[in-house]
Asker: 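Below: one structure in C-alpha cells.
Note that these values count all heavy atoms, side chains included, but never hydrogens, waters or copies made by symmetry.
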Amino acid sequence: MLKSLLGKCFCGAVHYTVADEFVYAMNCHCSKCRRTTGSAFKPMAGIERGKLAVTKGHDKLLIYGDELGNNTLCRLCGSLLYSVVRDGAWVHVAMGTLVDSPAIRPTHHIFVGSKAPWFTITDDLPQYDEFAP
C-alpha cells in the first residue's frame, strides 16, 4: 500500500498530498533558494509532478513563473510549498512544509559554491559547487 504524505503552508490555507515515493532529496544553497525560503538553504525532495495534488486552497495559490517552471506559494502567508521543474514534469517539494515524515532524507548539498558565507555546513553529506553529477 502506497503511503501519502500531508503538507501545508504556515497559515493552513493550502494543503497538499504527495506520494511517499520521492526519487531524490537534497539541500540547495543557491541564492534563489535562499531568497525564496529566507533561509541558508532549501531542503527539497523531487518527485514526478502527477504524484502531488493540492487538496485545499487551490484558489489561494500564488504561482511565480509558468506551467513549465515555477515556485508555488500560499498567496496568504507566503510559504513556498514546491517548485515545478524539469520542463513541468517534476516538483521539488519544500521539505519544511511536510506535516508527515517522508521515508527519504537529503543525501547531498548542491550549489555550495554560492552558499551563504555566514552559514557553516556541519554534516558529512557530500557537497557539490553546483549540481550533483
Asker: State yes or no: do Tyr64 and Tyr82 share one hydrophobic cluster built from I, L, V, M, F, W and Y residues joined by side-chain heavy-atom distances below 4.5 Å, directly or via other members?
Answerer: no
Asker: Report whether Val18 and Met44 are members of the same hydrophobic cluster (ILVMFWY, side-chain heavy atoms less than 4.5 Å apart, transitive linking).
Answerer: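 Different hydrophobic clusters.
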Asker: Would you call Lys32 and Asn71 a side-chain contact if the rule is heavy atoms closer than 4.5 Å?
Answerer: no
Asker: Nearest 0.5 Å please: distance from the CG atom of Asp87 over to the CG atom of Leu68.
Answerer: 6.0 Å
Asker: In terms of heavy-atom contacts, does CD of Glu48 have more than 12 from other residues, nucleotides or ligands at under 6.0 Å?
Answerer: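 Yes - once you tally the heavy atoms of other residues, nucleotides and ligands closer than 6.0 Å, there are more than 12.
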Asker: Is there a side-chain contact between Arg75 and Asp59, using heavy atoms and a 4.5 Å cut-off?
Answerer: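 No; the side chains remain at least 4.5 Å from each other.
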Asker: How about Val84 and Glu67: do any of their side-chain heavy atoms sit closer than 4.5 Å?
Answerer: no
Asker: Would Val54 and Val93 show up in the same hydrophobic cluster when neighbours are defined by side-chain heavy atoms closer than 4.5 Å?
Answerer: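 Val54 clusters together with Val93.
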Asker: In Å and rounded to the nearest 0.5 Å, what is the CG to OG1 distance from Leu52 to Thr17?
Answerer: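 If I round to the nearest 0.5 Å, the distance is 6.5 Å.
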Asker: Restricting to non-hydrogen atoms, name the atom on Ala13 and the atom on Leu76 that form the minimum distance, rounded to 0.1 Å.
Answerer: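 Shortest heavy-atom contact: CB-CD1, 3.7 Å.
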Asker: When you compare the side chain of Phe41 with that of Lys115, does any pair of heavy atoms fall below 4.5 Å?
Answerer: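 No - every pair of side-chain heavy atoms lies 4.5 Å or more apart.
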Asker: Mind telling me whether Phe131 and Phe111 have parallel, tilted or perpendicular rings, with 30° and 60° as the class edges?
Answerer: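 Ring orientation of Phe111 relative to Phe131: perpendicular.
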Asker: Once rounded to the nearest 0.5 Å, what's the spacing between atom SG of Cys28 and atom CZ of Arg34?
Answerer: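 Reported to 0.5 Å precision, the distance equals 9.0 Å.
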Asker: If you measure only the distance, is there a donor-acceptor pair under 3.5 Å linking the side chains of Thr97 and Tyr16?
Answerer: yes
Asker: First locate atom CG of Leu73, then atom OG of Ser83, and finally report the distance between them rounded to the nearest 0.5 Å.
Answerer: 8.0 Å
Asker: Okay, side chain of Arg105, backbone of Ala25: is any donor-acceptor separation there less than 3.5 Å?
Answerer: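 No, the answer is negative, given that no donor and acceptor are paired below the 3.5 Å cut-off.
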Asker: Rounded to the nearest 0.5 Å, what separation is found between the OG atom of Ser101 and the CD1 atom of Ile104?
Answerer: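 Interatomic distance, Ser101 OG to Ile104 CD1, rounded to 0.5 Å: 11.5 Å.
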Asker: Under the side chain to side chain contact (heavy atoms under 4.5 Å, CB included) criterion, do Trp90 and Val23 qualify, and how do the steps go?
Answerer: CA-CA 10 Å; Trp90 289 71; Val23 177; 3.6 Å; yes
Asker: Tell me if a side-chain donor or acceptor on Lys51 pairs with a main-chain N or O of Val91 at a distance below 3.5 Å.
Answerer: no
Asker: Is the side chain of Arg49 donor-acceptor paired with the backbone N or O of Gly88 at a distance under 3.5 Å, no angle test?
Answerer: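 Confirmed, Arg49 side chain pairs with Gly88 backbone.
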Asker: Taking C-beta and beyond as the side chain, do Cys9 and Leu81 meet within less than 4.5 Å on heavy atoms?
Answerer: yes
Asker: Give a yes or no answer on whether the side chain of Ser79 reaches the backbone of Cys74 with a donor-acceptor pair at less than 3.5 Å.
Answerer: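 No, the answer is negative, given that no donor and acceptor are paired below the 3.5 Å cut-off.
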Asker: Taking everything shown except Phe10 itself, do over 12 heavy atoms lie less than 6.0 Å from its CZ?
Answerer: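 Counting other residues, nucleotides and ligands, CZ of Phe10 stays at 12 neighbours or fewer.
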Asker: Measure the CD-CD1 distance between Gln127 and Ile121 for me, rounded to the nearest 0.5 Å.
Answerer: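 It comes to 4.0 Å.
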Asker: Side chains of Cys11 and Lys60: closer than 4.5 Å at any heavy-atom pair?
Answerer: no
Asker: Any donor-acceptor pair under 3.5 Å linking the side chain of Asp20 with the backbone of Ala103?
Answerer: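 Yes, Asp20 side chain to Ala103 backbone: donor-acceptor pair under 3.5 Å.
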Asker: Taking all heavy atoms of Tyr128 and all of Pro126, pick out the closest pair and write down the distance.
Answerer: OH-CB, 3.7 Å
Asker: Linking I/L/V/M/F/W/Y whenever any side-chain heavy atoms sit under 4.5 Å apart, do Met26 and Met95 land together?
Answerer: no
Asker: Between His109 and Asp123, does a side chain to side chain contact (heavy atoms under 4.5 Å, CB included) hold up when you go through it step by step?
Answerer: CA-CA 10 Å; His109 296 270; Asp123 61 45; 3.0 Å; yes
Asker: How are the rings of His92 and Tyr24 set to each other: parallel, tilted or perpendicular (split at 30° and 60°)?
Answerer: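 His92 and Tyr24: perpendicular rings.
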Asker: On a heavy-atom basis, which atom in Val14 and which in Gly57 lie closest, and how many Å separate them?
Answerer: CG2-O, 3.6 Å
